[in-house]
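Only one structure is covered here, and it is reproduced in the block below.
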Amino acid sequence: MSQNFDVIVLGGGAAGLMCAIEAGKRKRRTLVLERADRIGKKILISGGGRCNFTNLHCRPENFISANQHFCKSALSRYTPADFIKLVKKHHIAYHEKTLGQLFCDHSAHDIVTMLEQECRAAGVRIFTETRVQEVQHGEQFALRAAGREFCAPALVVATGGLSIPKMGATSFGYDLARQFGIAVRECRPALVPLTLNSDDRKRYCDLAGVATEVVASTVGNAPSFREKMLITHRGLSGPAILQISSYWKAPASITIDLAPGRDLTAPLRQPEAQRDLASAKSAFRATLPNRLAERWLDHNPPQGWTNHALAELERHVHRWEIVPEGTEGYDKAEVTADGVDTDELSAKTMESRKAPGLYFIGEVVDVTGHLGGFNFQWAWASGFCAGHAV
Ligand SMILES: Cc1cc2nc3c(=O)[nH]c(=O)nc-3n(C[C@H](O)[C@H](O)[C@H](O)COP(=O)(O)OP(=O)(O)OC[C@H]3O[C@@H](n4cnc5c(N)ncnc54)[C@H](O)[C@@H]3O)c2cc1C
């Protein structure tokens, strides 16, 4: 005997729960199926346990997609102000950390509890430890999960991306899209640390833990990011690197300005100044962390001490080019870039054009936010739109 609903949502993460709440409020009989033992697990680990739930400066330019326009409609229908209103309604204390990023004061648990309460108020049913294995489509969508059968005319796929496989991420959502003939753009890890080739690793990676503010950029029309860079045991991380990783594709290089807005060689160009490696190191140490200043000059010494050579050195420190070996992969990636092709979906409702009644929301869709609360804002917004359409 199958259980009948108006809407079945696959995945009890940020996008799925928001969709279920909105559908439930519209009196749709809504069921959420979640494979894990509880809902919102990724929300709990997000933002270092404090969940960076949105960003005050959310604009379409903060999202990466083969179609830059796709995200606009959803983002304008459900804005950061809408989510903040919900957070305030539940008396959740929050603060702006930096660059418009809003975090819970206490814990990401507050956000999950809020979503649970909203689900309950909207009459949403939630089954955890229920992994969907098979979906068939006749008159309705028929699902088999944990030995039971469920039916509904509307099916919302909110199964997330491939990042953090040890938390149970799978390709289920992408496989389901393919099953219905819906195009999926080849996925790749994003917001992920980059690894260096073995030579650069030998040169720099014993400085693991050293951090400095940089501007990171890459080829093409990617924006550049002025934030912290961190040296790791295998390569580079920190916000600036995570951001640029979402745009980087092998074998392109990334360019790092190690001293944005600073003139490091100015002291060496003074009339009476010493011009040698020791003086250069001393000048660089005024801006860069000591060990990085010295190491970088040891491996990138100027070609002499003429004014021209100093100008070249200055140029080089602002345009340090590195060809990463690769990324740390899905184990360390905060999100999955690419995914269900947006050409296949309605930007207003997230419904598939080919398979009416089938919706894709959240990270499974080819819309990837910058670091800083944008991925949750996409999850809320796309979930909201689908919740109003199902
Ligand atoms: C460590 C980390 C920190 C992060 N911090 C932030 C942050 O602070 N701010 C921010 O904006 N973004 C952050 N992100 C990104 C953000 O968590 C995701 O973009 C967001 O959770 C995507 O929401 P979603 O609902 O699409 O997918 P998910 O939250 O991944 O939810 C998908 C759900 O579907 C379930 N599922 C999968 N397959 C099945 C199946 N076959 N049957 C049933 N259920 C299934 C999964 O168990 C999961 O609960 C972070 C990510 C990571 C990994």
Side-chain angles (χ1 to χ4, degrees), residues 8-20 31-55 58 62-64 80 83 94 97 100-104 107-108 111-112 115 126-135 143-146 150 155-176 189-193 239 242 246 328 330-337 339-340 350 359-384 386:
I8 298 178
V9 180
L10 300 189
L17 294 172
M18 177 57 83
C19 173
L31 171 68
V32 175
L33 297 177
E34 168 55 56
R35 54 171 279 168
D37 56 355
R38 60 171 306 164
I39 56 168
K41 271 194 155 174
K42 218 174 238 179
I43 299 174
L44 293 177
I45 62 157
S46 69
R50 292 237 166 110
C51 186
N52 178 194
F53 54 80
T54 193
N55 192 298
C58 186
N62 297 115
F63 296 84
I64 306 164
F83 195 76
Y94 67 91
K97 198 167 164 193
Q101 302 169 6
L102 300 189
F103 285 76
C104 297
S107 160
I111 299 292
V112 177
L115 295 169
I126 298 175
F127 292 169
T128 54
E129 293 184 278
T130 309
R131 178 180 183 161
V132 181
Q133 287 139 339
E134 199 187 322
V135 176
L143 281 68
R144 265 196 329 105
F150 306 95
L155 180 64
V156 183
V157 183
T159 44
L162 298 170
S163 41
I164 322 287
K166 70 171 187 281
M167 281 189 69
T170 67
S171 62
F172 186 82
Y174 307 109
D175 298 340
L176 193 62
L191 296 180
V192 62
L242 298 180
S246 298
E328 292 281 5
Y330 290 114
D331 283 348
K332 297 275 171 65
E334 207 164 280
V335 286
T336 302
V340 173
M350 307 293 138
Y359 297 75
F360 290 86
I361 56 173
E363 199 178 313
V364 74
V365 178
D366 171 28
V367 174
T368 305
H370 287 172
L371 189 74
F374 300 103
N375 283 297
F376 278 134
Q377 188 57 37
W378 169 247
W380 314 134
S382 57
F384 177 90

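Note that the numbering runs from 1 along the sequence shown for the chain. In what follows, every heavy atom counts, from backbone to side chain, and hydrogens, waters and symmetry copies are set aside. Indexing begins at 1, ligand by ligand and atom by atom, following the structure's order.
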Identify, by atom number and element, the atoms of ligand 1 in contact range of [X], meaning under 4.0 Å from any of its heavy atoms.
| X | result |
| --- | --- |
| Gly13 | 25 (O), 29 (O), 31 (O), 33 (C) |
| Ile45 | 1 (C) |
| Gly362 | 26 (O) |
| Asn52 | 7 (C), 8 (O), 9 (N), 10 (C), 11 (O) |
| Phe172 | 41 (N) |
| Val335 | 15 (C), 19 (O) |
| Leu33 | 43 (C), 44 (N) |

### Task
Kindly give the heavy-atom pair with the smallest separation between Ala333 and Ile164, and that separation in Å.
O-CD1, 3.7 Å
### For Gly161 against Ala169, the heavy-atom pair lying closest together
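Here Gly161 and Ala169 meet closest at O-CB, 3.4 Å.
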### Query
Quick one: are the ring centres of Tyr94 and Phe53 less than 6.0 Å apart?
yes
#### Entry: Closest to atom 13 (C) of ligand 1 (judged by heavy-atom distance), picking from Glu334, Met167, Glu134
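Looking at heavy atoms only, the winner is Glu334.
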Which heavy atom of the protein is the closest neighbour of [atom], given with residue, atom name and distance?
| atom | answer |
| --- | --- |
| atom 39 (C) of ligand 1 | Arg35 CD, 3.5 Å |
| atom 37 (C) of ligand 1 | Thr159 O, 3.6 Å |
| atom 22 (C) of ligand 1 | Glu363 OE1, 3.4 Å |
| atom 34 (O) of ligand 1 | Gly11 CA, 3.2 Å |
| atom 46 (C) of ligand 1 | Glu34 OE2, 3.4 Å |
| atom 25 (O) of ligand 1 | Ala15 N, 2.9 Å |
| atom 27 (O) of ligand 1 | Gly160 CA, 3.3 Å |

### Ring geometry between Phe374 and Phe63 (parallel below 30°, tilted from 30 to 60°, perpendicular above 60°)
perpendicular
Should the proximity of [X] to ligand 1, defined as any heavy atom under 4.0 Å, be assigned to the side chain, the backbone, both, or neither?
| X | answer |
| --- | --- |
| Phe376 | both |
| Ile43 | neither |
| Thr54 | neither |
| Asn375 | both |
| Ser46 | both |
| Phe374 | backbone |

Would you find a donor on one side and an acceptor on the other, under 3.5 Å apart, between the side chain of [X] and the backbone of [Y]?
| X | Y | value |
| --- | --- | --- |
| Glu363 | Thr336 | yes |
| Asn375 | Gly369 | yes |
| Asp366 | Val340 | no |
| Thr130 | Ala146 | no |
| Thr54 | Gly373 | no |
| Ser46 | Leu44 | no |

Check for me whether [X] has a heavy atom closer than 4.0 Å to any atom of ligand 1.
| X | answer |
| --- | --- |
| Ala158 | yes |
| Thr130 | yes |
| Lys41 | no |
| Gly168 | no |

Which distance, rounded to the nearest 0.5 Å, do you find between the [atom1] of [X] and the [atom2] of [Y]?
| X | Y | atom1 | atom2 | answer |
| --- | --- | --- | --- | --- |
| Thr128 | Arg35 | OG1 | CZ | 12.5 Å |
| Glu34 | Glu129 | CD | CD | 10.0 Å |
| His370 | Trp378 | NE2 | CH2 | 14.5 Å |
| Leu10 | Phe172 | CG | CZ | 6.0 Å |
| Lys332 | Leu242 | NZ | CG | 11.5 Å |

So is [X] polar-close to ligand 1, meaning N/O to N/O under 3.5 Å?
| X | answer |
| --- | --- |
| Val132 | yes |
| Gly47 | yes |
| Gln377 | no |
| Ile164 | no |

### Task
State, with a plain yes or no, whether a side-chain heavy atom of Val135 is found less than 4.5 Å away from one of Val157.
no
### Query
Can you find a heavy atom in the side chain of Val132 that is under 4.5 Å from one in the side chain of Thr159?
no
